[in-house]
Amino acid sequence: MAIQQQIQQAAIESLEKLYSKSFSAKDFQINKTKPEFEGDYTIVLFSLLKPLSKSPDALGNELGKFLTENYSQLFTSYNIIKGFLNLTIADNYWTSVLITNYNNSCFGKGEANHKKVMVEYSSPNTNKPLHLGHLRNNFLGWSIAEIIKANGYDIVKSCIVNDRGIHICKSMIAWQMFANGATPKSTNTKGDHFVGDYYVKFNNEYKKQVDELVAGGMKKDDAEKEAPIMKATQQMLLDWEAGKPEVMQLWKEMNSWVYEGFDETYNRIGSNFDKIYYESNTYLLGKKTVQEGLEKNVFVQKEDGSVWIDLTADGLDEKIVQRKDGTSVYITQDIGLAQQKYEEYKIDQSIYVIGDEQNYHMKVLQLICKKLELPYADGIYHLSYGMVELPTGKMKSREGTVVDADDLLDEMENVARQKTEELGKVKDFTAEELKELYKTLSLGALKFYLLRVDPKKKMVFNPEESIDFHGYTGPFIQYTHARIKSILRKEKAQGSEFAVQSALLQLEKELLIELENYPSVIEQAGNEHDPSHLANYIYSIAKTFNSFYTEHSVMNAETEEKKQLRLLICELTANVIASGMQLLGIAVPERM
RNA sequence: GGUCCGGUAGCUCAGCUGGAUAGAGCAUCAGCCUUCUAAGCUGAGGGUCAUUGGUUCGAAUCCAAUCCGGAUCACCA
């Protein structure tokens with residue numbers, strides 16, 4: 001059990017025995033003691049004063065005395081400052097945590113609870129390559145899945161590919177018009193970029209045609225509808241839905257190019273999925289549910305045949321769920337897909353990693369599922385994340401300010417190479433090892449940069465900052481890990497036979513206190529669906545370790561006992577760093 | 001306009017289920033490599049926690065109002 005809970009329990013028991021009153025964990029707070037005071041953890045007494053009719057000093061002394069006398073294996077001393085009861089925890093507690101966990105690879109992870117959670121993330125369109133925003137999504141989705149797994153859940157990583165619709169037809173039309181049969185192979189272009197180029201070509205041509213029509217005297221609104229290329233695209237969508245063979249063939253071929261490109265990028269960034277859904281297979285789902293909803297009077301059908309749900313009583317609007325022509329809209333397929341996920345996997349929770357521009361949509365989706373009394377409705381959770389912006393403002397594809405994922409990864413790798421060469425610490429590495437290191441460092445920098453901030457907040461991507469390898473960054477933590485490993489290559493900790501006699505030094509203890517907290521951090525990150533807690537925590541560990549490292553020598557420790565103790569601390573620190581970074585999807589090198 | 005989210009150091013962010021003198025990184029300045037990797041460490045300066053009011057022993061944190069920024073409110077997805 002975590003120390004904080006042990007203190008809480010001890011305090012509750014003590015208060016019960018001292019005053020015959022029962023309290024619960026909510027009735028008082030336990031904090032880490034501020035560094036300027038003596039002690040490790042602090043019980044805040046204020047909230048207890050009134051129910052017990054005690055002065056801070058009286059209560060603090062009685063409780064402090066009782067705790068140190070009756071829980072002497074846990075508390076060695078106490079002091080009271082104003083209403084704060086500062087407790088010093090026995091060194092023995094920290095070292096026993098160290099000795100039992102220093103080589104426990106499961107340290108911090110919860111026990112299996114046999115509940116199943118699906119995390120849907122990434123969910124790309126097949127008309128253009130991945131960009132910076134997708135990276136935030138992918139890193140978040142992958143990480144939160146790992147964190148939830150570490151909390152004992154079974155995880156299914158899924159992805160819904162938006163592989164059909166008018167946007168896809170745009171690329172297809174443009175390819176027919178301009179490509180002359182060119183392919184990614186014939187032009188030596190990555191497939192998703194190849195198709196994306198035709199999407200751009202579509203928009204250029206479309207704009208040109210609209211301008212021409214407007215110049216010929218047509219109103220802009222009409223011109224946008226009448227442009228021949230747009231009409232052709234709409235016709236193609238109809239042909240697609242009708243299953244016209246040559247359209248289907250082109251669609252399949254162009255999508256296959258995109259998937260080839262996506263796979264390369266996913267592979268590079270380490271995204272993977274247990275189950276991939278395709279919109280072309282799911283877009284018709286949900287109609288049966290609409291029918292059932294009509295029977296239950298959750299939905300109403302208007303005279304023209306369209307089907308609606310009235311959510312005004314819940315503070316939302318009226319929402320259409322089926323068009324008058326009987327076709328399904330976006331939200332209908334989502335209900336259908338939600339159902340399919342549930343039936344296929346019997347999931348207890350379904351997490352959607354989707355940008356905050358869809359907050360309203362997701363709220364509506366869950367509400368509809370609830371009104372339909374679908375069993376999975378309460379398990380829907382929208383992990384909403386903010387947009388990634390540039391220092392110059394929002395990314396806009398029309399203005400060409402979108403940061404392409406592949407370009408960015410290349411750029412980061414270059415910087416990693418440059419910095420590594422400047423320092424010249426790994427000159428004996430093979431070309432293979434160097435390549436691997438550059439990849440580890442560049443991805444570490446980028447992932448950490450995108451994961452270290454609260455997901456729900458929009459964030460600014462500053463290119464210069466993101467490739468920084470100093471301070472609050474991934475490479476800083478990776479470096480700390482490499483430093484520790486360098487020591488451990490020289491000598492391994494001997495292990496569990498070891499008993500600590502001499503008192504822990506300040507920095508030794510600080511590190512141990514932080515390390516002991518690892519399980520709680522994983523739990524919190526999972527409960528709040530927020531990897532940034534973990535990122536913050538690992539950074540703090542690395543920082544504390546570096547202070548410790550500078551201050552105290554491991555190999556040349558004052559005594560053999562201290563050396564063994566510090567080797568154990570090194571082991572546990574390295575394990576926690578590696579384990580925590582793994583949960584963020586970041587690898588740590590042995591040397592750098 | 002309705003709903004939702006955000007506003008903390010020059011910049012990027014922690015802290016937000018109320019607790020002690022509001023913390024990091026970057027940037028600026030000053031130190032530290034004969035000793036386990038200096039991608040490091042130590043120190044300094046830098047704040048009206050958007051504003052105003054309320055709740056109370058105590059508010060960056062909770063409540064209300066206001067100001068500013070963003071998202072969203074399609075028979076698009």
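All chains are named by letter (A, B, ...) in the order of the sequence lines, taking the proteins before the strands, and each is independently numbered beginning at 1. Since the model is a prediction, treat every value here as computed from it, not as a measurement.
A close approach under 4.0 Å does not occur between any side-chain nitrogen or oxygen of K563(A) and OP1 or OP2 of C36(B). Taking only side-chain nitrogens and oxygens, K457(A) comes nearer than 4.0 Å to OP1 or OP2 of A14(B). Under 4.0 angstrom from either OP1 or OP2 of U37(B) there lies at least one side-chain N or O belonging to K490(A).
Atom pair I477(A):CD1 and G40(B):P shows a separation of 11 Å (rounding to whole Å applied). For N31(A) and U61(B), the CG to P distance is 17 Å, given to the nearest whole Å.
Within the nucleic acid shown, E551(A) has no heavy atom closer than 4.0 Å to any nucleic acid atom. Heavy atoms of N86(A) sit under 4.0 angstrom from at least one base atom. Among the protein residues, N462(A) comes within range of no part of the nucleic acid, since none of its heavy atoms lies under 4.0 Å from any strand. Heavy atoms of F84(A) sit under 4.0 angstrom from at least one base atom. Looking at heavy-atom distances under 4.0 Å, V460(A) makes contact with sugar-phosphate atoms alone, never a base. Among the atoms of the strands shown, none is found under 4.0 Å from any heavy atom of H481(A).
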Sort me out a list of protein N/O and nucleotides 26-33 of chain B N/O pairs below 3.5 Å, or just none if empty.
none

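A stacked arrangement is not assigned to F46(A) and the six-membered base ring of G58(B), the conditions of a centre distance below 5.5 Å and an interplanar angle below 30° not being jointly met. Residue-nucleotide stacking is not present for Y549(A) and G40(B), judged by a side-chain ring centre under 5.5 Å from the six-membered base ring centre and planes under 30° apart.
Only the C1' atoms considered, C16(B) is 14 Å distant from G23(B), to the nearest whole Å.
Residue S540(A) places no side-chain atom within donor-acceptor reach of the base of A24(B), judged by atom type and a 3.5 Å distance cut-off alone.
Positionally, the nearest nucleotide of RNA chain B for T473(A) lies more toward the 5' end than for the other of T420(A) and T473(A). Positionally, the nearest nucleotide of RNA chain B for E590(A) lies more toward the 5' end than for the other of Y330(A) and E590(A).
C67(B) has its base anti relative to the sugar, with a glycosidic angle deviating from 0 by more than 90°.
A side chain to side chain contact (heavy atoms under 4.5 Å, CB included) with D163(A) holds for exactly one of Y283(A), W251(A), Y277(A); it is W251(A).
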(message) Can you give me the dot-bracket string for RNA chain B, 5' to 3', counting Watson-Crick and G-U wobble pairs with both distances under 3.5 Å, using [ ] for crossing pairs and | for partners on another strand?
(response) ((((((((.[[[[.)...(...]]]].(((((.......))))).....[[[[[..)....]]]]])))))))....
